[in-house]
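Worksheet: the structure to be examined is printed underneath.
All values reported here derive from a predicted model rather than from experimental measurement. Below, chain A is the first sequence line, B the second, and so on; all start at residue 1.
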Amino acid sequence: MRNNRVRNESWEDTLVRGLYRFSDLTDEDPPNVAALQMLVARVQWEERRRAVRDLLLFLMSAFAILGALVCTLAASPGLFLASQAVSVIVLLGVAAASRGEWRQAS
Amino acid sequence: MDDEALIACARNGDAASLALLLQRHYLAVKKYLITITFSPDMAEDLTQETMIRAIQRLIQYTGKAKFSTWLISIATNLYMDRLRRARRERKILEPPAPAPPDHGYDPEWADLMQRLRSLPRDIALPIVLKHYYGYSYEEIAGLMSIPVGTVKSRIHNGIRMLRKEVEADA
């Protein structure tokens with residue numbers, strides 16, 4: 001048992017020594033701050049662009065849906081109420097399913 | 001300025017503080033990635049991706065763990081994603097060329113390193129995290145998003161595979 005422990009330690013020491021030497025970066029410098037600052041600016045600009053694009057898509061979808069609802073209400077109130085009821089049921093179902101996924105993920 | 005102060009400034013939109021913070025941790029992340037990927041080129045790519053992901057998700061950093069630990073978890077997730085993608089595409093991630101010998105060349109560790117690199121990536125990774133970085137089984141399970149039991153069995157099997165080869169050579 002003691003021999004096994006000694007063999008374990010020496011094997012582990014060899015591994016640690018090998019990985020330390022393999023990953024030695026003492027001769028290397030990190031990128032300079034200016035280059036990283038440009039990277040930060042670029043990434044943040046792309047994130048803002050993505051957020052604006054998503055917002056525009058959402059607004060367009062919302063207006064399209066509202067437009068359809070207004071037309072339906074104007075043309076046929078009964079049909080409008082029925083479609084609203086169906087939408088609410090579908091949304092509740094999606095919310096319940098998503099809640100299950102959230103619980104699982106957390 | 002310490003990390004907490006830089007993070008606070010970065011969250012307020014100070015790009016220079018964020019850049020300084022990333023520069024401070026850049027080599028540590030790269031060194032970590034070299035030890036788990038065994039490929040300096042892949043480590044360089046993943047380090048860049050880690051920095052980008054950190055910039056995108058700085059708002060999600062809660063401060064519960066050290067900033068360096070948070071970066072390490074991002075780096076590990078990115079590497080795991082790459083492994084999963086390679087498996088799905090049935091690609092083999094090229095093992096790196098052996099390191100050239102230097103003045104302090106030690107055949108024993110070079111041999112062990114070669115054997116470690118030849119192990120499947122998802123077995124070599126927990127071995128390195130446990131025996132080089134000293135993470136607990138639970139921490140490794142969290143980093144790799146696998147159960148603790150799987151971590152233990154991979155480490156056990158991996159070490160057994162390594163030692164079987166070492167003993168066979170002896």
Notebook entry, point to check: How far does CD1 of Ile52(B) sit from CG of Leu39(A), to the nearest 0.5 angstrom?
Noted result: 5.0 Å
Notebook entry, point to check: Can you check whether Val16(A) reaches His131(B) side chain to side chain, under 4.5 Å on heavy atoms?
Noted result: no
Notebook entry, point to check: How many angstroms lie between CD in Glu28(A) and CD in Glu44(B), if you round to the nearest 0.5 Å?
Noted result: 6.5 Å
Notebook entry, point to check: Does Val43(A) offer a backbone N or O that forms a donor-acceptor pair with the side chain of Gln56(B) under 3.5 Å?
Noted result: no
Notebook entry, point to check: Going only through I, L, V, M, F, W and Y residues with side-chain contacts under 4.5 Å, is there a path from Ile55(B) to Met38(A)?
Noted result: no
Note to self: With a 4.5 angstrom heavy-atom cut-off, is it the side chain or the backbone of Gln37(A) that approaches chain B, or both, or neither?
What the structure shows: both
Checklist line | For Pro31(A) against Gln23(B), the heavy-atom pair lying closest together | finding: O-NE2, 3.1 Å
Item checked: Among Ala43(B), Ala16(B), Ser17(B), residue most engaged with chain A (heavy-atom pairs, under 4.5 Å) -> Ala16(B)
Item checked: Positive for side-chain contact (heavy atoms from CB on, under 4.5 Å) with Val40(A), one of Leu58(B), Leu22(B), Asp14(B), Leu21(B) -> Leu22(B)
Item checked: Nearest-0.5 Å distance, CG of residue Leu36(A) to CG of residue Leu18(B) -> 8.5 Å
Check: What part of Leu116(B) is in contact with chain A, defined as an atom under 4.5 angstrom from a non-hydrogen atom: side chain, backbone, both or neither?
Finding: side chain
